[in-house]
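Accompanying notes for the structure given below.
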Amino acid sequence: MGRLSMSTARETIDALLARSNELGADPTTTNYAGGNTSAKGTDLDPVTGQDVELLWVKGSGGDLGTLQEKGLAVLCLDRVRALQDVYPGVEREDEMVAAFDHCLLGKGGAAPSIDTAMHALVDAPHVDHLHPDAGIAIATAADGEALTREIFGDAVAWVPWRRPGFQLGLDIAEIKAQNPESIGCILGGHGITAWGETSEEAKENSLRIIRAAQAHLDAHGAAEPFGAHDPARAALPEAERRAKASALFPVVRGLASTDAPMIGHWTDTETVHEFLASEKLGPLAELGTSCPDHFLRTKVKPLVLDLPADAPVEEQIARLQELHAAYREEYAAYYDRHAEADSPAMRGADPAIVLIPGVGMFSFGADAQTARVAGEFYVNAINVMRGAEAVSTYAPIDEAEKFRIEYWALEEAKLQRRPKPKPLATRVALVTGGGSGIGKATATRLVAEGACVVIADLNLENAEATAEELGGSDHAVALRADVSDEQAVIAMVAEAVLAFGGLDLIVNNAGLSLSKPLLETTAKDWDLQHDVMARGSFLVSRETARVMIAQAMGGDILYISSKNSVFAGPNNIAYSATKADQAHQVRLLAAELGEHQIRVNGINPDGVVRGSGIFAGGWGASRAKVYGVEEEKLGEFYAQRTLLGREVLPENVANAVFALTAGDLSHTTGLHVPVDAGVAAAFLR
């Protein structure tokens, strides 16, 4: 391998990042967080002052579509290539990953991935390794080698399946050396690798392979690669499909969370429904996925409900419970068949993908993004199976090889490097009145602590703005909700379930207030306050309790009540009476729901002026008049009358929500926590 003649390091890095982002942005080119790209070039060695040949390669983890310079590993090329002289053989090739650390330039940027050898050893300045659906379809076809020759001739070589590692890098480098005119190769069971003299040429060669593979599938593929269509398993009409998905999702999430709590994602696309209604659903699903990036996120195979789409929900639930028990037994047997003395412990026997004909696909992960991406990967797998079946027979890597990847010591090490989960990770919260004030502060704190949050508010615009501020649909979603309307609450909870798979933490915060003396309080005033807060929180608690009971994962219901639930103040009959109603709902529901491990607690704030929708809506002016102070000084007035002399902010209430739900108070239910800076007249007694 000769000395490189390259452009400046800055130009090389910029071209690599641009190529990576372009390739990674196209889902037909590679999967999320899958594949890697590299470039070789020269830069100044700060120690010797001489030029040094370097390899910039996407590090372990990360995503090509959003790759930045900090995501690149930077290695001295001569040192990586010198590892060939000390390579101990395929049985010990995992040791080479640690050896890459000795090849880094300085701190070296990101951690080098297992594919580093492929990029370093191939004698080309620019290398791409990708997982396109069309390429994997050829790679997983039973006669993939013959198809590769038919489609590409001598331009693209076939590499039989080999687990990613140093030996695979040596294999590809040898193929490149023996076929100097080649532009890349198909990696059996896995994906593609391409190369070029320039960054642009590498990209074009990658795209040439992908497009040629897809063109062959389109031109020569069977019209019905999945076999005949079964009308009994076809997609239900949309309204019926959504209703059934909402009814089943909490149950499925509870089953998928038997070993560890999970967040869910629902995929309801034509691609999924085509597969679910196909003749080959059962046998193809049983074969499982093939590309390592796929099954590491989807497990070796999904759980498939073997009932028609129109089966009653109760029958589907009963059958799902049976199939789940069988799935766990089969997964444990799979582990036992292949585990060795030094294998990592089994990580859990629950499915990551659940397929329900007529309804769609439920996918699960430790957070919303992981759950969503797992579903995306299974859609990729469906596309791969379709392509392979269209021109051949789908033949993924065998079970033993899948186990070697899934329980690879290097994969286990990667999992161990993940940050410790936040306290509310895997919990799904619903906050009513979440678009402003206490609700917004609570939603913000819950997301910061790892929860996924559904923000429900009568003002949808406020809810949407808050959800966007909190990071969008992988963290928070917005729904419009009139909590005084029974049917609206039922519909809101059904939609909330579809967002993340269920509900775990409910914050009854929606409210309003009218400050009037008894003789000026109308029946309409009374009804409005009670409809929103007493009736509204009852309806929300009832409907969300149904979900939590179906999940069988326990949960929390919190009421944002008020100091006024126990304090008798003037000109406040309707508001204070409804807050007392809420306070007693806490006690009643704590007594009733405890057997389901659902804890019910309350928070009694007072004087939360800043950011409060209630105070901005006229309540502040009314209370200021009652106390004879200027409205803008009402917060200061409330603070002066407290034992601590402090103003209460929305964030203080949010802190109490977190304290009650983060785990340290796991044995507490039926409690009311004052957040009023100390109002002696409101002490609980």
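In this structure the side chain of Leu72 reaches within 4.5 angstrom of the side chain of Ile13, judged on heavy atoms. Looking only at side-chain heavy atoms (C-beta outward), Thr661 and Val507 stay at 4.5 Å or farther from each other. Two residues are said to be in side-chain contact when any heavy atoms from C-beta on lie closer than 4.5 Å; Arg297 and Thr370 fail this criterion. Looking at heavy atoms from C-beta onward, Arg535 lies in side-chain contact with Leu539 at the 4.5 angstrom threshold. Contact check for Phe538 versus Asp581: no side-chain heavy atoms found under the 4.5 Å cut-off. Taking 4.5 Å as the limit, every side-chain heavy atom of Lys58 sits out of range of all side-chain heavy atoms of Ser20. Counting heavy atoms from C-beta on, the side chains of Arg427 and Met553 never come closer than 4.5 Å. Here the side chains of Asn655 and Val675 are not in contact, with every heavy-atom distance at 4.5 Å or above.
For CD of Glu468, the number of neighbouring non-hydrogen atoms (other residues, nucleotides, ligands) closer than 6.0 Å is 12 at most. For Arg587, the CZ atom sits in a packed shell: over 12 heavy atoms of surrounding residues, nucleotides or ligands are nearer than 6.0 Å.
The heavy-atom pair separating Gly435 from Thr466 by the smallest distance is O-OG1, 3.4 Å. Ala496 and Leu479 make their closest contact through N-CD1, 3.7 Å (heavy atoms, listed as atom of the first residue, atom of the second, distance). Across Ser576 and Asn564, no two heavy atoms sit closer than the pair OG-CB, 3.4 Å. Considering all non-hydrogen atoms of both residues, Phe500 and Ala476 come closest at CZ-N, 4.3 Å. When all heavy atoms of Gly554 and Ile598 are compared, the closest pair comes out as C-CG1, 4.1 Å. Taking both residues in full, the closest heavy atoms of Asp676 and Ala682 are given as OD2-CB, 4.2 Å, listed atom of the first, atom of the second, then distance.
The closest donor-acceptor contact from the side chain of Asn601 to the backbone of Gly670 lies under 3.5 Å. Under the 3.5 Å distance criterion, the side-chain polar atoms of Asp531 are left unmatched by any main-chain donor or acceptor of Leu528. Between the Thr432 side chain and the Ala456 main chain, no donor and acceptor come within less than 3.5 Å of each other. At distances below 3.5 Å, at least one donor-acceptor pair connects side-chain atoms of Lys579 with backbone N or O atoms of Ile560. Although no hydrogens or angles enter the test, the distance criterion places no donor-acceptor pair under 3.5 Å between the side chain of Asp268 and the main chain of Met361. With Lys299 contributing its side chain and Asp350 its backbone, the two residues share a donor-acceptor pair below 3.5 Å. In this structure, the side chain of Ser246 engages the main chain of Ala494 through a donor-acceptor pair within 3.5 Å. Checked by atom type and distance alone, the side chain of Glu651 never pairs as donor or acceptor with a backbone atom of Ala441 at under 3.5 Å. No donor-acceptor pair closer than 3.5 Å links the side chain of Ser363 to the backbone N or O of Ile353. Between the side chain of Arg599 and the backbone N or O of Thr668, at least one donor-acceptor pair lies under 3.5 Å.
For the atom pair Thr521 OG1 and Asn572 CG, the distance stands at 9.0 Å (nearest 0.5 Å). To the nearest 0.5 Å, atoms CD (Glu647) and OG1 (Thr642) are separated by 10.0 Å. In this structure, CG in Asn571 is found 12.5 Å from CG in Leu514, a value given to the nearest 0.5 Å. Distance check, rounded to the nearest 0.5 Å: CD1 of Ile557 to CE of Met548 gives 4.0 Å. Taken from CG in Leu660 to CG in Leu671, the straight-line distance is 6.5 Å, to the nearest 0.5 Å. Atom CG of Asp556 sits about 11.0 Å away from atom CD of Gln597, to the nearest 0.5 Å.
Using a cut-off of 4.0 Å between Lys/Arg side-chain N and Asp/Glu carboxylate O, Glu449 and Arg445 are scored as salt-bridged. Residues Glu495 and Arg242 are paired through a salt bridge, judged by an N-O separation under 4.0 Å between the basic side chain and the carboxylate. Taking 4.0 Å as the cut-off between side-chain N and carboxylate O, Arg480 and Glu464 do not count as a salt-bridged pair. A salt bridge is defined here as a Lys NZ or Arg NE, NH1 or NH2 lying under 4.0 Å from an Asp or Glu carboxylate O, and Glu238 with Arg241 fails to meet this definition.
The salt bridge (charged side-chain N to carboxylate O under 4.0 Å, His left out) search around Arg347 returns Glu412, not counting sequence neighbours.
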Run the side-chain contact (heavy atoms from CB on, under 4.5 Å) check on Arg542 and Val489 step by step: do they pass?
CA-CA 10 Å; Arg542 186 189 70 185; Val489 169; over 6 Å; no
Is there a side-chain contact (heavy atoms from CB on, under 4.5 Å) between Val431 and Ile455 once you walk through the steps?
CA-CA 5 Å; Val431 181; Ile455 299 167; 5.5 Å; no
Under the salt bridge (Lys or Arg N to Asp or Glu O under 4.0 Å) rule, what do Asp457 and Lys440 come out as? Steps first, then yes or no, please.
CA-CA 10 Å; Asp457 202 289; Lys440 180 177 180 179; over 6 Å; no
Stepwise, does the side-chain contact (heavy atoms from CB on, under 4.5 Å) test hold for Val540 with Leu430?
CA-CA 10 Å; Val540 170; Leu430 168 66; 4.3 Å; yes
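The aromatic rings of Phe249 and Phe362 sit parallel to each other, their planes meeting at less than 30°, with 60° as the upper class boundary. Between His530 and Trp526, the two ring planes are parallel [angle under 30°; tilted spans 30° to 60°].
Asp367 and His475 form no side-chain donor-acceptor contact under 3.5 Å, judged by distance and modelled atom types alone. Side chains of Ser541 and Asn508: a donor on one and an acceptor on the other come within 3.5 Å.
Of the candidates Asn604, Thr578, Val586, Ser565 forms a side chain to side chain contact (heavy atoms under 4.5 Å, CB included) with just one, namely Asn604. With Tyr559 as reference, Gln585 is the one residue of Gln585, His672, Gln582 to meet the side-chain hydrogen bond (donor to acceptor under 3.5 Å, both in side chains) rule.
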